[in-house]
*Asks:* 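To start, I am sharing the structure in question, which I have written as C-alpha cells.
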Amino acid sequence: MVVTLKDGSKKEYSEPKSVIEIASDISEGLARVACAGELDGEVVDLRTVIDKDCELSILTFEDEGGKAAFRHTASHILAQALKRLYPDVKLAIGPSIAEGFYYDIDSETPIQTNDLAKIEAEMKKVVKEALPITRFTKPREEAIAYFEEKNEPYKVELIQDLPEGAEISFYQQGEFVDLCAGPHLMSTKPVKAFKLTSLAGAYWRGSEKNKMLTRIYGTAYTKKAELEEYLNRMEEAKKRDHRKLGKELGLFMMSDEGPGFPFFLPKGMVLKNTLLDYWREIHQKAGYVEISTPIILNRHLWETSGHWDHYKENMYTTVIDEQDYAIKPMNCPGGILVYQSEPRSYRDLPLRMGELGLVHRHEKSGQLHGLMRVRCFTQDDAHIFMMPEQIRDEIKGVAKLIDEVYQLFGFKYHVELSTRPEDSMGSDEDWDMATTALQGALDDLGLSYSVNEGDGAFYGPKIDFHLEDSIGRTWQCGTIQLDFQLPMRFNCEYIGADGEKHRPIMIHRVVFGSIERFIGILIEHFAGAFPTWLSPVQVKVLPISDKYMDYAGKVLDDLKENGIRAEIDTRAEKIGYKIREARLQKIPYMLVVGAKEEEEGKVSVRSRFLGDEGAKDLDAFISDIKEEIKTRANRKVEVQEEKK
C-alpha cells in the first residue's frame, strides 16, 4: 500500500501499519509528540490500522484534531481520578472542547471548588503512572451488561441510543475503563500541564427535563508555559467580564422578570445609539436603504420561509384571531415582503435593504450569558437582491464593509466558509453554484479562509468572520449567506433586460451580528475603556471646590453646546478622589478647574491616555476632542489604571 503524507511524499508498506507505527517510521521525534492521525480527511486514533492506499497526516498538539485528542485524554484522566476519590460517582460524558475539556458527573458527595486541588493532585498521580491506553470493542449486549454491573446508568443509556450494528468501543488506562469513540493518546504520560478551572451545573443531554449533573471544566497543554499563558489570559478575561463592567459602568442590567431579555440603561443606550448611528452612516455611503418590518407575522409566512419546519423549537408563538403567529426569529421573510411590495426591474438591482430588526429566539436558560447569549436582540441585518452576474461584486462589497468596521475597532479576524448541512433544502446544483460564488469572491479579494464542512444555513452556504479581541479570544460576528432558496419559495421576480421574468438571488448579511452581543464583545475588548467617540461620557468636569462651580458650569455648557457628552462632579469631595472615581468610570477626559484655570480661562486636562496633559485653552481642548470624535480615533492607553 502507498501512504501519501501531508508534504506530498509517499511511504510504501507491504503489510498493514497503525498510524503510530507510520509516525515512528517517519521520525521517532514525531511519534513522541503525535496525538492523532488524519486519514483521508477524517481524524482517527493513533491505533488505527491502515491496510490500503490513503492520504495521512500525523496530528500533533499544534493541530486542532491533535489538540482535541490530547484534551480528550485529559478528560479521561480527570474521570479516573474522580473514580479513585469518589468511587460512587457516576460518569456521563467527557469531551474535549475549544479551550479544554470537561466531564459531567452525578455525585452523591457534593463537589465544591475547593475540592479541585485534591482532584488535580490525583490526576497528577495518574499521569506519573504513565498508564498505557488501550482500545477494545464489545458487542452491544455485553457492553450494556458491563456498565450495568458497574452501576453506570448514563453509559448504559448512551449505548442503548446507539444505532444497531454500531461499533461500541472502550478505552482503558490502568483500572479505569470508559465508553468512548476516541481518539486518545498512547498513554497518560504526556498530559503534564493541566488545570481544573471551574464547576457548573449541566442538565443530562442538555434537557431541562433531565437531572442536573456537575460539570467539571479543565484545560491541558503540552508545556507549562503555555498553560500559564492561558490562565493569565483567563484572569484578564475575568477582569473584563462584560456583566461585571456593564453593572459598574451603568450600561445594562438583567432582571429575574425576563431572563435573557436585557435592559439598556441610559449610558448603555448612548453607547448603543452611537454604534447604530455609525452603522447607518456607513450603510448609507454603501448604497443601502433602511427598512423596518413587524415583529409578529403569521404562520403561513414562516411555513413558506421554512422556519416553521426547520426552526420552530426556537420560536415564540402566539394565536391572534384564531390564527397561529410567530415572533420573528429572523428578519429575512419580512425583507422579502418589502421586495415584493412593488414590481422590480433589473435596473433596480442590486437592491440593498438594511434593517436593525428586533428578533426573539428561545435559548435554553442554561445557555444564557449576559449580552453574549440572549433571547431578544437587534440584528444589523441586510438583504441584497441581485442578478447572478452581480454575486461576486456584492459579496466583495460586503466583505470590504465588514473589514472597514473591524479595522475601526482594532480587531484582527479570520474567515470561514461553511458548506451544506444535512438539514437543508434546495438542489445540489444550486448549492454548488452558491458555494462556488462565495469561494470565488474570497479568492478575488485574496482573503485566506478555512472550510467548515456542513455548517451552512439550511437555505445556503455562508462566510463567517471570526474576530480576535485584545486578549486573543475569537468571536463569530459578521456573516454573509448566499440564498437561492427563499427567493424561489416566495416566488420573487424581476423583469430582465430581455423583458422576461427572472428570479433574483439573495444575500443575507450582518456586520455586528447581534448589536447586544457586539456591545458585550466591545466592553471586554476595551475593558470598558471605550474610544472617546464611543464613550457614553466623554468628559468629566471636576471643580476643585464649590467656589469654582460657576466656572465649571460654564465649561460644561460650552462642551455640551459643541456636542460633547459631558458631566460635572458637584460632590464636596477632594479633587484626588474625584479624579480616581472618573478614572474608574473609564471616562476619557477629566477637566480640573480651580482659581488659576478660572482666571486664565483654561482647563487642566487629565486623560485616560497620558495622565496629566497640562493646562489648555478651553476652545483648543474642544477643537481637539471634536476632531478625535469626528475621526473616531482610538487613542492608546499609556498610563496605568489608578486603584481604589
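Counting from 1, the numbers follow the sequence of the chain as shown. All heavy atoms count here, side chains included; hydrogens, waters and symmetry mates do not.
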*Asks:* Would you say the side-chain atoms of Glu120 pair up with the backbone N or O of Leu196, donor to acceptor, closer than 3.5 Å?
*Replies:* yes
*Asks:* Show your reasoning for whether side chain to side chain donor-acceptor pair (under 3.5 Å) applies to His242 and Glu524.
*Replies:* CA-CA 6 Å; His242 75 285; Glu524 298 196 0; 2.9 Å; yes
*Asks:* Using side-chain heavy atoms (C-beta onward) and a distance below 4.5 Å, is Ile625 in contact with Trp533?
*Replies:*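 The answer is no; the side chains never approach within 4.5 Å.
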*Asks:* Are Glu613 and Met590 close enough, and set up right, to give a side chain to side chain contact (heavy atoms under 4.5 Å, CB included), and what steps lead you there?
*Replies:* CA-CA 10 Å; Glu613 295 194 14; Met590 293 141 273; over 6 Å; no
*Asks:* Can you find a heavy atom in the side chain of Trp302 that is under 4.5 Å from one in the side chain of Lys328?
*Replies:* yes
*Asks:* In terms of relative ring orientation, are Phe264 and Phe252 parallel, tilted or perpendicular, with 30° and 60° separating the classes?
*Replies:* tilted
*Asks:* Does the gap between the ring centers of Phe621 and Tyr589 come in under 6.0 Å?
*Replies:*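 Ring centres of Tyr589 and Phe621 closer than 6.0 Å.
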*Asks:* Tell me if the NZ atom of Lys195 is crowded by more than 12 foreign heavy atoms within 6.0 Å.
*Replies:*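 Atom NZ in Lys195 is not packed in, count stays at 12 or less.
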*Asks:* For the pair Ser535 (side chain) and Phe530 (backbone), establish whether a donor and an acceptor sit closer than 3.5 Å, ignoring hydrogens and angles.
*Replies:*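 Yes, because the side chain of Ser535 sits within donor-acceptor range (under 3.5 Å) of the backbone of Phe530.
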*Asks:* How far apart are the C-alpha atoms of Ile544 and Val592, what are their side-chain angles, what is the distance that settles it, and do they pass the side chain to side chain contact (heavy atoms under 4.5 Å, CB included) test?
*Replies:* CA-CA 7 Å; Ile544 288 174; Val592 179; 3.8 Å; yes
*Asks:* Quick one: do Glu281 and Lys285 make a salt bridge, cutoff under 4.0 Å?
*Replies:*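 Result for this pair is yes, salt bridge flagged.
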*Asks:* Could you tell me whether Asp558 and Lys554 have a side-chain N and a carboxylate O separated by less than 4.0 Å?
*Replies:*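 Yes, this pair counts.
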*Asks:* Quick one: does Leu351's side chain get under 4.5 Å of His383's, heavy atoms only?
*Replies:* no
*Asks:* Is there a donor-acceptor pair under 3.5 Å between the side chain of Lys578 and the backbone N or O of Arg571?
*Replies:*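 Checked: pair present.
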*Asks:* Distance-only, no hydrogens or angles: does the Glu355 side chain make a donor-acceptor pair with backbone N or O of Gly335 under 3.5 Å?
*Replies:* no
*Asks:* So, does Glu581 use its side chain to make a donor-acceptor pair with the main chain of Arg583 at under 3.5 Å?
*Replies:*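 No, because the side chain of Glu581 does not come within donor-acceptor range (under 3.5 Å) of the backbone of Arg583.
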*Asks:* Would you say that Leu417 contacts Asn452 through its side chain, given a criterion of any heavy-atom pair below 4.5 Å between the two side chains?
*Replies:* no
*Asks:* I need the minimum non-hydrogen distance between Val338 and Arg344, along with the two atoms involved.
*Replies:*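 What the structure gives for the nearest pair is O-NH2, 3.1 Å.
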*Asks:* So, do Val555 and Leu591 sit near enough that their side-chain heavy atoms are less than 4.5 Å apart?
*Replies:* yes
*Asks:* Out of curiosity, Gln112 CD to Thr214 OG1, how far, rounded to the nearest 0.5 Å?
*Replies:* 8.5 Å
*Asks:* So does Lys244 pair up with Glu248, basic N to acidic O under 4.0 Å?
*Replies:*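 Yes.
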*Asks:* Specify whether His525 and Phe411 have parallel, tilted or perpendicular ring planes, treating 30° as the upper limit for parallel and 60° as the lower limit for perpendicular.
*Replies:*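 Geometry flag for Phe411 against His525: tilted rings.
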*Asks:* Closest approach of Gly260 and Val374, non-hydrogen atoms and distance?
*Replies:* O-CB, 3.3 Å
*Asks:* Leu271 and Pro536: which non-hydrogen atoms are nearest, and at how many Å?
*Replies:* CB-CG, 4.3 Å
*Asks:* Would you call Asp393-Lys396 a salt bridge at under 4.0 Å N-O?
*Replies:*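 Salt bridge flag = yes for Lys396 with Asp393.
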*Asks:* Please evaluate residues Glu99 and Thr219 with respect to the criterion side chain to side chain donor-acceptor pair (under 3.5 Å), reporting the C-alpha separation (whole Å), side-chain torsions for both, the decisive distance (0.1 Å), and the verdict.
*Replies:* CA-CA 6 Å; Glu99 294 284 356; Thr219 192; 5.7 Å; no
*Asks:* Measure from NZ or CZ of Arg361 to the centre of the six-membered ring of Phe377 and say whether it is under 6.0 Å with the direction within 45° of the ring axis.
*Replies:* no
*Asks:* Does CD in Glu229 sit with more than 12 non-hydrogen atoms of other residues, nucleotides or ligands closer than 6.0 Å?
*Replies:*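 Counting other residues, nucleotides and ligands, CD of Glu229 stays at 12 neighbours or fewer.
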*Asks:* Quick one: does Arg71's side chain have a donor or acceptor within less than 3.5 Å of a partner on Ala220's backbone?
*Replies:* yes
*Asks:* State, to 0.1 Å, how close Ala527 and Lys586 come at their nearest heavy-atom pair, and which atoms those are.
*Replies:* O-CE, 3.3 Å
*Asks:* Can you find a pair of side-chain heavy atoms, one from Ser623 and one from Glu628, that are under 4.5 Å apart?
*Replies:* no
*Asks:* Would you call the rings of Tyr288 and His283 parallel, tilted or perpendicular if under 30° counts as parallel and over 60° as perpendicular?
*Replies:*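 Geometry flag for His283 against Tyr288: perpendicular rings.
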*Asks:* Less than 4.5 Å apart, any side-chain heavy atom of Ile402 and any of Phe512?
*Replies:* no
*Asks:* Looking only at non-hydrogen atoms, find the nearest pair between Asp455 and Lys462 and report the distance.
*Replies:* O-CE, 3.2 Å
*Asks:* Does Tyr221 form a ring-ring contact (aromatic ring centres under 6.0 Å, His included) with Phe194? I'd like the steps, not just the answer.
*Replies:* CA-CA 6 Å; Tyr221 287 83; Phe194 60 84; over 10 Å; no
*Asks:* Return yes when atom CD of Gln284 has more than 12 non-hydrogen atoms of other residues, nucleotides or ligands closer than 6.0 Å, and no otherwise.
*Replies:*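 Atom CD in Gln284 is not crowded, with 12 or fewer foreign heavy atoms closer than 6.0 Å.
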*Asks:* Which pair of heavy atoms, one from Leu467 and one from Tyr413, lies closest together, and at what distance?
*Replies:*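 Scanning both residues, the minimum pair turns out to be CA-CB, 3.8 Å.
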*Asks:* Would you indicate whether Asp443, at its atom CG, is surrounded by more than 12 heavy atoms from other residues, nucleotides or ligands within a distance under 6.0 Å?
*Replies:* yes
*Asks:* Quick one: does Cys477's side chain get under 4.5 Å of His466's, heavy atoms only?
*Replies:*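 Counting from C-beta outward, Cys477 and His466 never come under 4.5 Å.
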*Asks:* Report the C-alpha distance between Gln538 and Ile587 in whole Å, list the side-chain angles of each, state the deciding distance to 0.1 Å, and finish with yes or no for side chain to side chain contact (heavy atoms under 4.5 Å, CB included).
*Replies:* CA-CA 6 Å; Gln538 295 163 328; Ile587 294 168; over 6 Å; no
*Asks:* Does the Lys NZ or Arg CZ of Arg632 fall within the cation-pi geometry relative to Tyr278 - under 6.0 Å from the ring centre and within 45° of the axis?
*Replies:*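 Verdict for Tyr278: no cation-pi partner in Arg632.
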*Asks:* Just jot down the salt bridge (charged side-chain N to carboxylate O under 4.0 Å, His left out) partners of Asp469, sequence neighbours excluded, or say none.
*Replies:* Arg473
*Asks:* Would you say Glu516's side chain and Thr378's backbone share a donor-acceptor pair under 3.5 angstrom?
*Replies:*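 At least one qualifying donor-acceptor pair exists.
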*Asks:* Pick one: which of Leu482, Leu349, Leu486, Asp483 meets side-chain contact (heavy atoms from CB on, under 4.5 Å) with Ile505?
*Replies:*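 Of Leu482, Leu349, Leu486, Asp483, side-chain contact (heavy atoms from CB on, under 4.5 Å) with Ile505 is met by Leu482 alone.
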*Asks:* Checking ring pair (Phe, Tyr, Trp, His ring centres under 6.0 Å) against Phe518, which of Phe465, Trp475, Phe409 comes through?
*Replies:*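 Of all the options given, the one that passes is Phe409.
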*Asks:* Does a salt bridge link Asp569 with Lys540, judged by any charged N lying under 4.0 Å from a carboxylate O?
*Replies:*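 Lys540 and Asp569: not salt-bridged.
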*Asks:* Ring-plane angle category for Phe261 and Tyr316, please: parallel below 30°, perpendicular beyond 60°, tilted otherwise.
*Replies:* tilted
*Asks:* Go through Arg352 and Ile507 one step at a time and tell me if the side chain to side chain contact (heavy atoms under 4.5 Å, CB included) criterion holds.
*Replies:* CA-CA 9 Å; Arg352 307 182 189 107; Ile507 285 176; over 6 Å; no
*Asks:* Could you tell me if Arg215 sits above the aromatic ring of Tyr102, with its cationic atom closer than 6.0 Å to the ring centre and no more than 45 degrees from the axis?
*Replies:* yes
*Asks:* Say whether, by atom type as modelled, one donor and one acceptor occur between the side chain of Asn273 and the main chain of Met269 under 3.5 angstrom.
*Replies:*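 Judged by distance alone, yes, a pair lies under 3.5 Å.
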*Asks:* Going through the distances and angles, do Arg635 and Ser607 end up as a side chain to side chain donor-acceptor pair (under 3.5 Å)?
*Replies:* CA-CA 10 Å; Arg635 289 187 74 184; Ser607 76; 4.5 Å; no
*Asks:* Begin from the C-alpha positions of Ser604 and Lys596 and carry the test side chain to side chain donor-acceptor pair (under 3.5 Å) through to its verdict.
*Replies:* CA-CA 9 Å; Ser604 288; Lys596 187 178 180 184; over 6 Å; no
*Asks:* Short question: side chain of Asp241, backbone of Ala237 - any donor-acceptor pair under 3.5 Å?
*Replies:*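 The answer is no, because no donor-acceptor pair under 3.5 Å joins these two groups.
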*Asks:* Does Glu363 use its side chain to pair, donor to acceptor, with the backbone of His369 at less than 3.5 Å?
*Replies:*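 No: the side chain of Glu363 does not pair with the backbone of His369.
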